[in-house]
Novice: 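Okay, handing you the structure first.
Convention: sequence-line order gives letters A, B, ...; per-chain numbering from 1.
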Amino acid sequence: MVPTQAEQPLLSRLRAGDPAAFQTLVRPHLGALLALSRRLTGDTHWAEDLVQETLVRAFQNRQGFRGEASLQTWLFKIQLRLARDPGRWQKQEPAGSLESLEVPDRLAVLPADAALSRELRDRLDEAMERLSLRQRTALHLRAVQGLDYRAIAAVVGSSRAAARMLVLAARKKVLDRLGRYLEP
Amino acid sequence: MSCAYGHIVIAVCLDGDSDHEGGDQLLRHLSACLDCQQALRQARLLDAALATSSGVAVDDALAERLLRPVCAGPEPVPAGAGLRLRPVPLLLGAAALVLLGAALVLFGVGTGYLRIGEPPQDQRPSVSQEPPTAAPEDVIPLPELPNGAGARRPAPRRLLTPSRSRIPEYLVLAAVLRDDRQQLRQVVLPALALATAPAWARLRLQAVLVQDHIREQAGRQLLESRLPRARRELTAYLAQGRQDPVLARMLARARSHPGLLGWVRGELRRHPDGPALAAAARLADPGLDRLLREACRHNPGRAHRLAGALAGIHNRSGRTRLLLDLWQALADRSLLADDHRLPNRWFPALPPATTLELCAVARATGNANRRRHCILALGARQDPRALPYLLDLICGHRHGDAELAAHALSQLPATDVDAQLVALEPRTRRPHLLLAALAGMCSPRVQSRIQKMSLTQTERQFLAAGRFNPKQFTLAARLFRERGRFTD
């Protein structure tokens, strides 16, 4: 999905280097970015770091956004590229005292998450972690974000047919692992 | 999924894939094939479970934190920007380092690296001079890593812990008690060299950390420690603002622990603005309460912090009297600019039992000021359980209290009480107060009454708008009393 008419003035301002325009544009996508990030890193803190890094890279490379795909797809693409190479962005900071560390709260999780049984959630996370990064991303984008195969293909850098096969293979692997937990 | 058409069925029915021809044929197959039905059902459940477990709510604070690097400063710099090296110079550099290291080893220069915080080698006691000493009590030996993990020696890292291989136990316990993963990742994991350990070890540790009983166990050990630093960590935990089920249990244990109570007492005397203030407020110890009253009676800022510490469902009920005492002390010293606003800041987030405690205090007291404070606090809590007491006051012989109670009533949710008030209105001693309360809560049951009254347009609009402050409420009650009866 290409950017809408309403987004065009903001995109022009973004290309001119306006951080406020960037904020306005990416704010609606933060939840999706964070969800994918958590799925890719398996850790809430690294997930925040990855999203921050994605946003910084996106802002720096704003001229590279040509508007052929949606902004969200472009951000997902940057995020996946960073997740493949954690050494590029994971900062190993020296430890400080307990008091001096700024510890962010846990990610706010929707109440529905609490309703999902803990065991199922753990199994699901485990099964997802066993997938390759591309399969995990493809399945997440399909099942959680509801992206079509064209957008998924753009994110994972493959053809549309390959994206479909990635989703199918990922689904099969996860179902094989937790089939009996998903009995209605 | 043993049926060969299973993946096509899922692609078409679940993902809306339009590449496949023969949709009708596929649907017919689906209606007949139990295997495909099962596969489709499971795939749907999987998608739903994934969507549910991946839901993340991004509030403004989190969004601000995520966007901070982009918005702060002229141009953000990616984390790895300064570290990126080209492969060839990197290889050359590595080769040079290897050669240098080999030369140093050959010529016997340097037998290890100097640890941060340790004295230089010439100042260290030699083994022959001093017998080996046992580890101090506040450090724990690190577990041996599984085979293979220990073989890969991690690169020397700069840590601010006393030693690279030993860390104080109280730091670990405090980090586990707080479920402080960042702390654990930055201090404990590198010290344990788990960065090079297999994934199962990291996952197991992470899984253990989220279990409350493990955290509570760490808290119990921290409670038994006599180290001042351990006490300080525990006090800071007890004063924290996060909603945490372990916190209530730790507070219950700490209340019966004389050592910790004594520590908090001393800390409160030395640093009344520190975390001991919030911890003492939550501990609900009579000795600590006396100190809190002394510390806060001249200082509204401290009193506000204390009230903030008592907010939340994990806190104990029974703290109402302390707050009322502080309110009274500050009001007596004229340290509160407008005490109508104070109850909205202090009382709404207190535990549910507070409403009944306020009613009991107000019934028992002979102090008019305290009763007034209780009524204002009841209004701020907006709890329908206060209704019987407020109605008693409205029908009682004290006019000032009746008007305040009616104002408190006007802040209750209309849907819960307005039917009762309308039924009561003809029989009560002060119907105008009930009508003003109904108008204050914007009840639709009083709107027709307002339309029939002989009022100016401004007065009618004023009454219809509702949500009166105490002064506006007096005016509204007067309008109902003086103009309400003539037109009915």
Novice: For residues A51(B) and A143(A), report the shortest heavy-atom separation together with the two atoms involved.
Specialist: CB-O, 4.1 Å

Novice: So, taking the atom named CG in L50(B) and the one named CG in L139(A), what distance separates them when rounded to the nearest 0.5 Å?
Specialist: 5.5 Å

Novice: Would L30(A) and L67(B) satisfy side-chain contact (heavy atoms from CB on, under 4.5 Å), going step by step from the backbone distance to the final call?
Specialist: CA-CA 9 Å; L30(A) 284 181; L67(B) 287 163; 4.1 Å; yes

Novice: Verify side-chain contact (heavy atoms from CB on, under 4.5 Å) between L66(B) and L33(A), making sure each step is shown before the conclusion.
Specialist: CA-CA 11 Å; L66(B) 292 173; L33(A) 285 172; over 6 Å; no

Novice: Closer than 4.0 angstrom, basic N to acidic O: yes or no for R171(A) and D47(B)?
Specialist: yes

Novice: If the condition is side chain to side chain donor-acceptor pair (under 3.5 Å), which residues does T137(A) pass it with, not counting sequence neighbours?
Specialist: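 Side chain to side chain donor-acceptor pair (under 3.5 Å) check on T137(A) returns nothing, list empty.
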
Novice: How would you list, by chain and number, every residue that makes a side chain to side chain donor-acceptor pair (under 3.5 Å) with R27(A), sequence neighbours excluded?
Specialist: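 In terms of side chain to side chain donor-acceptor pair (under 3.5 Å), with neighbours along the sequence ignored, R27(A) is linked to D60(B).
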
